[in-house]
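Remarks on the structure that follows.
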Amino acid sequence: MAQAFEGSNPSPCTETMEKHVHLHKMIEENYTKAVRKEWKRHEKDDIEYKTTIYLLQRYLPKGGLILDAGGGPGRYTIELAKKGYKVILLDTTQANLDFAKKRIRHEGVEKNVLDVIKGRIEDLSMFEDKKFDAVLCLGGPLSHVMDIKLRKKTVSELLRVAKNDAPILVSVMSRIASICRLTIDPKFQDELGAPYFKTFVTRGDYYGGYGFTAFHGFLQEEFRELLERAGARKLRIFALEGFFYIRKNSTKQLEKNKKLWNIAWTTYLSLLERSDVVGVSDHFLAVFKK
Ligand SMILES: C[S@@+](CC[C@H](N)C(=O)[O-])C[C@H]1O[C@@H](n2cnc3c(N)ncnc32)[C@H](O)[C@@H]1O
């Protein structure tokens, strides 16, 4: 994908703009084709979903207005609306928003979903400062912001629209977990020879072309620095799949044995914040305040 930009050399500014537009289009096209897949990704027993719900229960206030930024087909919006929160869903992919609107009606939670907005997380100027009692950006939308300056702007925007003391929960995709997967999983091992691989290891940037769409794979210390430089306080980072990252389906058998599953699950939860567990998790989630 990076090669698509080689050879064209107008002004650096135009080139950068063209690159952004191209990447935005690619990411939106990917999610337009994947609406159902995205919805199904979080079936009830999905580890990322279950861990995120666990952390939402732990950190969200008892009620109030929540922004679900990059909320996709609306899993979390609907779940929270069912619990009585007022929610605004924002996403860049129209097909996801159309699906979410239908699903919101189907689940009978229209009263609590105050708006479903097409927009980008880099620019939340439609919302005034300190509007929300909690701000969410879950499942990795920030990893799809490929430009570092725009990632900084996104974090500032998420902070700006949160009330003082409101929890902000942001999850991203892990660089180390992606490298582990490419190395361990025979389905992906051919990609170790792909031109992007070295750059991905050192910089975390993948511009698409081999299955998944463009994303930035974060190191946890890089994520921490990005958030703290933008003004995040009381920052904590949790794994969302932890050591289940590589064989998520391996839990299915174990879950049938309630006693053993209970031991595995409570052990897993107790280790979520360990740095070594965070690093290898597919996604990790930061909880912070402004
Ligand atoms: C992996 S999905 C996560 C959806 C949802 N938050 C969840 O966890 O189920 C990523 C979502 O981010 C959205 N997205 C990607 N880049 C975005 C951007 N710059 N602004 C807003 N949404 C974006 C995509 O359209 C997609 O719906």
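Quick caveat, the model's predicted, so the values are computed rather than measured. Atoms within each ligand, like the ligands themselves, are counted from 1 in listed order.
For the residue pair Glu241/Ser281, the side-chain donor-acceptor check at 3.5 Å is satisfied.
Checked for salt-bridge contact, Arg75 and Glu79 miss the test: no charged N lies under 4.0 Å from a carboxylate O. The pair Glu221-Arg224 does not meet the salt-bridge criterion, since no charged nitrogen lies less than 4.0 angstrom from a carboxylate oxygen.
Ligand 1 lies nowhere less than 4.0 angstrom from a heavy atom belonging to Tyr49. Residue contacts with ligand 1: Gly140 is excluded, as none of its non-hydrogen atoms falls under 4.0 Å.
Contacts between Glu38 and ligand 1 below 4.0 angstrom, taking non-hydrogen atoms only, involve the side chain exclusively. Using a 4.0 Å cut-off between heavy atoms, Glu28 makes no contact with ligand 1 at all. Here Thr92 has heavy atoms under 4.0 Å from ligand 1 in both its backbone and its side chain.
In the vicinity of Leu138, heavy-atom distances shorter than 4.0 Å reach the ligand 1 atoms 3 (C), 5 (C), 6 (N), 7 (C), 8 (O). The His144 neighbourhood of ligand 1 comprises atoms 15 (C), 16 (N), with distances under 4.0 Å to a heavy atom of that residue. Applying the 4.0 Å criterion to heavy atoms of Glu122 picks out, from ligand 1, the atoms 18 (C), 19 (N), 20 (N). In the vicinity of Gly139, heavy-atom distances shorter than 4.0 Å reach the ligand 1 atoms 1 (C), 3 (C), 8 (O). Annotation for ligand 1: atoms under 4.0 Å from non-hydrogen atoms of Thr93 are 24 (C), 25 (O). Listed by atom number, the atoms of ligand 1 under 4.0 Å from Gly72 heavy atoms are 4 (C), 27 (O).
The aromatic rings of Phe218 and His216 sit perpendicular, their planes meeting at an angle over 60°, well past the 30° parallel limit. Ring pair His144/Tyr31 is perpendicular by interplanar angle, where above 60° counts as perpendicular and below 30° as parallel. The aromatic rings of Phe243 and Tyr268 sit perpendicular to each other, their planes meeting at more than 60°, with 30° as the lower class boundary. Taking the six-membered ring where tryptophan is involved, the planes of Trp265 and Phe244 are essentially parallel, since the angle between them stays under 30° and well short of 60°.
Between Phe200 and Arg175 there is a side-chain heavy-atom pair separated by less than 4.5 Å.
Counting protein heavy atoms only, atom 7 (C) of ligand 1 is closest to His42 NE2, 3.6 Å. Here the protein heavy atom with the shortest distance to atom 20 (N) of ligand 1 is Ile121 N, 3.0 Å. Among protein heavy atoms, the minimum distance from atom 4 (C) of ligand 1 is reached at Gly70 O, 3.5 Å.
Counting heavy-atom neighbours within 6.0 Å of Lys118 NZ, excluding the residue itself, gives a total above 12.
Comparing heavy-atom distances from atom 21 (C) of ligand 1 across Gly74, Gly119, Pro141 singles out Gly119 as nearest. Ranked by closest heavy atom to atom 24 (C) of ligand 1, the top entry among Asp91, Leu90, Thr52, Val145 is Asp91.
Every residue meeting the salt bridge (Lys or Arg N to Asp or Glu O under 4.0 Å) condition with Asp276, not counting sequence neighbours, appears here in chain and number order: Arg274.
Minimum interatomic distance between Pro61 and Pro167 (heavy atoms only, all atoms of both residues): CD-CG, 3.9 Å.
Backbone and side-chain nitrogen or oxygen atoms of Tyr76 are examined, and none is located within less than 3.5 angstrom of a nitrogen or oxygen of ligand 1.
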